[in-house]
Amino acid sequence: MLDPKLIRETPDLVRAAIAKKHLKVDLDSVLGADAAWRAHLQEVEHLRSVQKAANAAMATLPKGSPEFVAKLSEMKAVSSQIKEKDAGLKAAEEACREAMLTLPNLPHASVPEGATPEQNVVYSTHGDLVSVSPHAVAHWDIPGFARLYDFERGSKVTGAGFPFFIGDGARLVRSLINFFLDEDAKAGYREVSPPIFINAASATATGQLPDKEGQMYETTPDRLFAVPTAEVPLTNFFRDEILDEASLPVLRCAYTPCFRREAGSYGKDVRGLNRLHQFDKVELLKWVHPSRSYEELDALRNDVEGLLRKLEIPYRVLLMCGGDLGFAQSKKYDLEVWAGGQKRWLEVSSCSNFEAFQARRAQIRFRSKESGKTELVHTLNGSGLAVPRVLAAILENNLESDGRVRIPEALVPYFGKPHLSFAG
RNA sequence: GGAGAGGUGGCAGAGUGGUCGAAUGCGCCUGACUCGAAAUCAGGUGUGCCGCAAGGUACCGGGGGUUCGAAUCCCUCCCUCUCCGCCA
């Protein structure tokens, strides 16, 4: 949610910023709903002040006195009037809130112009693409792949996109999760193991609801949602709380499985491990002072890049253009690993600054020593990292002539041996 | 799942229909005293929203109701605690 004052006072600025995201938003109807709500509010509050004054007077009058009786009948009329207008006020308030929720976050000035993913800016590229994978093939074409990554049985048991990970395949998943958590902890992120179901209020605070309902798995009859990312429970950890300014920045990391319905995906994007309905991910989250959020974004991206460097995976960083920014982000970097067999880049992390957008929805604030008032924090998050695509890149890039996969040195202590074998 | 108790400000804890946004204590902030501190004394100390402002208004777990008037009465939902049952 945006600052209502900003919308009222500088609508043209908001309009221009939204245009940079190439989104169509009816700002005028938002402004209209806001004005209607304020008019209703003033009307009702005036009536209430009349009522309050009369009630204070009645409290001192003898119960049966003529003055009391006169006030009583007078206030009966006011009371029913308030009741009537209050219904209108609630409707106007709801309409206003709904309208406000349709407004996306504004992009930062440093976000490049552009409408499509092709216009994202390649911010940096790391590693050797050519010589890194002399034997690479797409991971699903590796002989024996199906023995360790069983999609058919996954389909039988649950559905497409829910594979079994078996033997060394499962072990590599676990190694990556542990490696990520340990590295993230070293970088200062405190580990959290959150609930993997969230309620509607939490999903609304982070922006999954009301629009992206169809992307989540929902349970009945409790109306809980399987987490699409640990970002949701993690961000909501401090919902409706006022933090101590001295505690900022707060850094947290969490591993969870992530569940995404991914309605409408098809083709090469979804082959093999590229896109699953359930996958493992470690998420990084920061609650920071507003004055420092862009420095913190750079630091976050650096932390994630460090993981890829240690795993010796070639990667590149994209700076997302306005049109490819998400609804809630002010600025976003995507990190993509090179999958040498598929010869394509796979997104393994998005590092985003949400500024106060999520914090306003979630009411996460701190008390400023300087002003003495409460202010909204800025929230940032990034994957550190998504497991299956990292795993795919390792399988493809590190495939050796004997059909085994070389485990990156940093991962060997976790995996327990230097090679993964598809034989067993 | 069953039975009971309870949800009030940063914390503890009063308040059971009327000038209650809410006593009191603790904590915290400011000032006085002090070389400084402690102790003591005085004052202050919740969060929003509307309004240029003056000011107004809302919030006692959430929602609804009764009433001229609700922290207080009624309904409903949620949560916490204790006991029992079940269970990884």
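Numbered from 1 within each chain, the chains take letters A, B, ... in sequence-line order.
Each of A:A59 and A:K71 was assigned the nucleotide of RNA chain B with the nearest heavy atom; the assignment lying further toward the 5' end belongs to A:A59. Heavy-atom distances to RNA chain B give each of A:A56 and A:S73 a nearest nucleotide, and the one nearer the 5′ end belongs to A:A56.
Across all strands, A:L41 comes closer than 4.0 Å only to sugar-phosphate atoms, never to a base (heavy-atom distances). Within the nucleic acid shown, A:K63 comes within 4.0 Å of at least one base atom, counting heavy atoms only. Within the nucleic acid shown, A:S49 comes within 4.0 Å of sugar-phosphate atoms alone, with no base atom in reach, counting heavy atoms only.
Of all nucleotides listed (B:U19, B:G48, B:G18), B:G48 comes nearest to the side chain of A:T374.
Look at A:S79 and you'll find a side-chain N or O under 4.0 angstrom from OP1 or OP2 of B:G69. Of the side-chain N and O atoms in A:K76, one or more sit less than 4.0 angstrom from OP1 or OP2 of B:C68. Residue A:K83 has a polar side-chain atom (N or O) positioned under 4.0 Å from OP1 or OP2 of B:U66. Checking the phosphate oxygens (OP1, OP2) of B:G46, no side-chain nitrogen or oxygen of A:R367 falls inside 4.0 Å. Contact check, A:Q51 against B:G69: a side-chain N or O comes under 4.0 Å of OP1 or OP2. Here A:R365 reaches the OP1 or OP2 of B:G48: one of its side-chain N or O atoms lies under 4.0 Å away. The phosphate of B:A58 (OP1 or OP2) has a side-chain N or O of A:K52 nearer than 4.0 angstrom. At least one side-chain nitrogen or oxygen of A:R8 sits closer than 4.0 Å to the OP1 or OP2 atom of B:C50. An OP1 or OP2 oxygen of B:G56 is reached within less than 4.0 angstrom by no side-chain nitrogen or oxygen of A:R48.
Across the P atoms, B:U24 and B:C78 are found 37 Å apart, a figure rounded to whole Å. Comparing the C1' positions of B:C41 and B:U34 gives an interatomic distance of 14 Å, to the nearest angstrom.
A:F354 has its ring centre no less than 6.0 Å from the ring centre of A:H378.
A:F151 pairs in a side chain to side chain contact (heavy atoms under 4.5 Å, CB included) with only one of the listed residues (A:F145, A:W140, A:F164), which is A:F145.
Counted within 6.0 Å of CZ on A:R190, heavy atoms from surrounding residues, nucleotides or ligands total 12 or fewer; the atom is thus considered open.
In this structure a side-chain-to-backbone donor-acceptor pair under 3.5 Å is missing from A:K286 to A:L297.
Rounded to whole Å, atom C1' of B:C68 lies 7 Å from atom CE of A:M75.
Taking the six-membered ring where the residue is Trp, A:F238 and A:W287 present perpendicular rings, their angle passing 60° and hence far from 30°.
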